[in-house]
Protein chains: 2
Amino acid sequence: MSIEEKKRLQRNDRVTIRTVATHAGVSVAAVSKVMRNAYGVSEALRARVTNAIEVLGYRPSRAARGLRGRSFTIGVLLIDIRNPFLPEVIAGVNGVLAPSHYQAMIGVSDARVQLETSLIESMIDYKMDGLILVAPRLPSDIIAKFAAQIPIVAVGYHDAGATAFDTVNADDQRGAEIAVEALLACGYRDIEMLSLGEREGHQVSVVRQREIGFRRAIQRAGLGSSAPITKIPIAPPKREETMRKFLSRKNRPRAVFCWSDLDAITLLSLAIEMGVRVPEDLAVVGYDNSSTAALGLVNLASIDQSGRELGQVATRTLISRIEGRTGAEHIFQMPSLVSRNSLTRSGKAPVT
Amino acid sequence: MSIEEKKRLQRNDRVTIRTVATHAGVSVAAVSKVMRNAYGVSEALRARVTNAIEVLGYRPSRAARGLRGRSFTIGVLLIDIRNPFLPEVIAGVNGVLAPSHYQAMIGVSDARVQLETSLIESMIDYKMDGLILVAPRLPSDIIAKFAAQIPIVAVGYHDAGATAFDTVNADDQRGAEIAVEALLACGYRDIEMLSLGEREGHQVSVVRQREIGFRRAIQRAGLGSSAPITKIPIAPPKREETMRKFLSRKNRPRAVFCWSDLDAITLLSLAIEMGVRVPEDLAVVGYDNSSTAALGLVNLASIDQSGRELGQVATRTLISRIEGRTGAEHIFQMPSLVSRNSLTRSGKAPVT
DNA sequence: CGTTATATGGAGAACGTTCTACAACTCGTC
DNA sequence: GACGAGTTGTAGAACGTTCTCCATATAACG
């Protein structure tokens with residue numbers, strides 16, 4: 001290491017591609033070629049450069065890379081970080097990315113459209129290589145507009161007609177059907193759904209899809225054309241209130257399907273509190289098969305859609321798009337029922 | 001808009017600072033000045049530039065900004081995304097950042113030191129403006145080395161001697177003491193702690209701090225010099241096994257303090273399963289006051305350390321450091337007990 | 001009216017990469 | 001020994017900002 005170089009290191013200056021080039025006695029372009037393992041590099045050159053990189057501890061600047069070419073980063077946009085389903089998706093993404101040279105950076109939009117937009121824009125402005133949007137709230141045409149600037153895969157967004165971006169979903173319609181079918185198989189006829197009270201009821205959301213599946217299954221069973229759905233507000237004070245009202249209704253149904261474990265578990269808690277026995281008075285099936293649902297204390301039957309798998313598939317799909325695929329792909333995953341005590345006392349679903 | 005510009009927009013080319021400059025009929029430097037609202041801009045110029053920005057929908061490239069100056073992004077490093085305490089911290093961070101022009105990008109290290117290192121390096125390479133490390137695993141001197149390159153605030157990392165970076169913590173020693181004191185006040189003398197079985201038992205971790213507080217409180221109460229601590233492995237098969245073994249021990253204590261709600265809740269579940277009544281046979285106090293603990297179904301007494309507040313304080317501390325503060329700050333937050341049925345049947349802690 | 005201070009705008013060099021175009025060199029081959 | 005084909009390395013423009021000087025215009029002052 002020359003005196004010059006030592007000084008620089010003491011001053012804590014950045015080791016750049018130029019430092020490496022000087023140290024190895026080659027051109028900047030040569031170092032770049034080795035980094036990207038591009039064509040036209042002799043073994044001897046590669047060895048010298050690799051050595052210099054090692055010695056100097058060189059790391060390419062992502063900012064500079066982004067400015068010119070790839071940044072080797074993919075952005076993940078989460079609608080919410082509290083729903084325990086979403087960490088699973090992240091785990092799947094990270095799992096696939098770990099052995100590659102890509103890295104994930106996560107943004108949290110807190111379900112606010114404006115923040116979602118600005119996070120997506122930021123990720124584009126960072127010249128990230130691709131985006132995974134988990135349950136985005138933005139309308140399809142807006143996402144398509146973004147997709148013209150950066151490869152996008154949407155997870156939990158039902159828009160099989162999209163041509164500009166890919167989608168990866170669990171079949172939420174079918175999931176809801178499975179839940180209803182399980183309840184029917186247990187002999188319950190009187191079934192209601194507890195859904196999410198969203199301001200904008202866009203059809204692409206998983207919640208609406210589950211509603212569709214719920215209605216179809218109820219009608220298929222010949223249980224009248226009106227499939228009762230109660231909407232639960234998201235905000236804490238109204239939320240519990242609506243659930244209590246539901247539980248104390250004189251015409252309360254015998255069984256209930258909740259759009260998410262989050263709601264199902266709160267419902268279970270309130271039921272205990274109000275003396276409503278589960279499953280004797282009320283059978284409950286949730287959605288997501290979260291780790292809380294599996295607790296012996298909770299024992300909530302739930303529809304399992306492997307978030308981890310969704311994350312893995314989405315990541316692979318995104319990478320293939322980054323690497324050149326153009327036609328849109330729309331992938332479906334089959335959910336399944338995990339039966340537990342909230343469905344029947346024994347915890348087993350009757351075989352049909 | 002000139003014909004030239006229209007063409008560019010059709011080609012979907014990026015609107016750069018140069019586009020804005022041409023459109024407004026001013027220099028690139030002028031636009032930059034307006035963007036950074038720097039000194040030496042007349043009202044007339046500002047108006048024209050602002051208008052051009054509006055019309056063209058210009059957004060500065062974060063990649064280019066990072067290359068030269070600030071990127072207005074702060075990185076948040078999470079050790080784990082499954083522990084429900086951590087989303088709270090994020091919520092706090094986002095809350096403070098929302099009205100500012102900063103944005104948070106999150107990386108998840110999955111408790112792996114190597115991934116943690118490379119994520120921090122990436123964030124530095126992106127020229128982010130600052131980093132919030134939540135419960136990092138890296139030793140203090142390594143973090144200090146990174147802190148020479150980028151402002152850093154560590155949360156859940158007990159190193160009040162650090163001079164290169166700030167720390168924001170709940171007083172975990174005191175938290176554990178409070179838990180023990182509550183159990184003592186209920187008349188329990190026979191108290192054990194369920195702690196985390198970590199490979200590297202570094203003193204800075206919240207877990208070790210809680211162990212210290214536990215021991216001190218036990219000794220202060222004159223309950224022998226040996227304060228029993230059982231370590232629970234993290235991995236699923238061994239984890240439940242160790243808990244079951246604990247529950248079925250003939251000399252099982254009368255009360256237990258768990259380092260985290262995560263473990264306390266699993267313990268509660270297994271207790272039910274094995275016929276151990278809570279709190280009659282075993283009183284339990286957890287840590288974090290997670291939303292699950294608050295469920296009527298679970299009703300777990302827990303030490304509350306507001307993750308949200310920790311996130312808020314950390315963010316403010318980081319921003320002040322970004323804006324020039326140099327001396328290290330070490331902030332402590334006082335935790336408190338939230339009493340529930342797992343402590344006494346009534347749910348109320350006896351007044352002392 | 002000349003001189004100096006102040007306010008406003010612009011030129012152009014960085015920042016650290018990627019990547020195209022080209023130069024130089026080594027082999028065959030006729 | 002001239003020529004084409006391949007191989008290996010380099011020069012230098014470009015990416016989109018920031019920010020330090022500098023130039024010019026205007027105001028203030030004696």
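The sequence lines fix the lettering, A, B, ..., with proteins before strands; numbering per chain opens at 1.
- Atom C1' of nucleotide D:dG16 and atom CG of B:Leu56 are separated by 15 Å, given to the nearest angstrom.
- Residue B:Lys127 is out of contact with every strand shown, counting any heavy-atom pair closer than 4.0 Å.
- Closest non-hydrogen pair, B:Arg14 versus B:Arg59, comes out as NH2-O, 3.2 Å.
- At the phosphate of C:dG9, neither OP1 nor OP2 sits under 4.0 Å from any side-chain N or O atom of B:Tyr39.
- Closest approach of B:Val108 to B:Leu119, counting heavy atoms only: O-CD1, 3.5 Å.
- Using a 4.5 Å cut-off on side-chain heavy atoms (C-beta onward), A:Gln103 and A:Leu97 make no contact.
- Judged by distance alone, with hydrogens and angles left aside, B:Arg68 brings a side-chain donor or acceptor within reach of the base of D:dT18, the pair sitting under 3.5 Å.
- The aromatic rings of B:Tyr126 and A:Tyr126 sit perpendicular, their planes meeting at an angle over 60°, well past the 30° parallel limit.
- Counting only heavy atoms from C-beta outward, the side chains of A:Val89 and A:Ile132 never approach each other to under 4.5 Å.
- At D:dT18, one or more side-chain N or O atoms of B:Ser32 fall inside 4.0 Å of OP1 or OP2 (strictly under the cut-off).
- A close approach under 4.0 Å does not occur between any side-chain nitrogen or oxygen of A:Ser61 and OP1 or OP2 of C:dC15.
- The separation between B:Arg62 atom CZ and D:dC15 atom C1' is 18 Å, rounded to whole Å.
- The phosphate of C:dT18 (OP1 or OP2) has a side-chain N or O of A:Arg65 nearer than 4.0 angstrom.
- Among the heavy atoms of the strands, none lies under 4.0 Å from B:Arg70.
- Between B:Ile81 and B:Ile106 the shortest side-chain heavy-atom distance does not fall below 4.5 Å.
- Protein atom CZ of B:Phe72 is 12 Å distant from nucleotide atom C1' of D:dT17, rounded to whole Å.
- In this entry the distance linking NZ of A:Lys33 with C1' of D:dA11 reads 12 Å, nearest Å.
- Both B:Tyr58 and A:Gly25 lie close to DNA chain D; mapped to their nearest nucleotides by heavy-atom distance, the more 5′-ward contact belongs to A:Gly25.
- Of the candidate nucleotides D:dG9, C:dT18, D:dT17, D:dG9 has the atom lying nearest to any side-chain atom of A:Leu45.
- Considering only side-chain N and O atoms, A:Arg14 lies nowhere under 4.0 angstrom from the phosphate OP1 or OP2 of C:dG16.
- Atom CG of A:Leu67 is separated from atom P of D:dT18 by 12 Å (rounded to the nearest Å).
- Of the candidates D:dT10, D:dT17, C:dG10, C:dG10 carries the atom nearest the B:Ala29 side chain, counting heavy atoms from C-beta on.
- Judged by closest nucleotide on DNA chain D, A:Gly40 is the one of A:Gly40 and A:Val28 placed further toward the 5' end.
- You'll find that the side chain of B:Thr16 is closest to D:dG16, out of D:dG16, D:dG9, D:dC19.
- Remark: P of C:dT18 and CG of A:Asn37 are 12 Å apart, rounded to the nearest angstrom.
- At D:dT10, one or more side-chain N or O atoms of A:Ser27 fall inside 4.0 Å of OP1 or OP2 (strictly under the cut-off).
- Taking atom CZ of residue B:Arg36 and atom P of nucleotide D:dG16, one finds them 18 Å apart after rounding to whole Å.
- Remark: A:Ser42 is in phosphate contact with D:dG9, judged by side-chain N or O atoms under 4.0 Å from OP1 or OP2.
- When the C1' atom of C:dT18 is taken as reference, atom CD1 of A:Ile17 falls 8 Å away, rounded to whole Å.
- No engagement by B:Arg46 is indicated, since no non-hydrogen atom pair under 4.0 Å with the nucleic acid exists.
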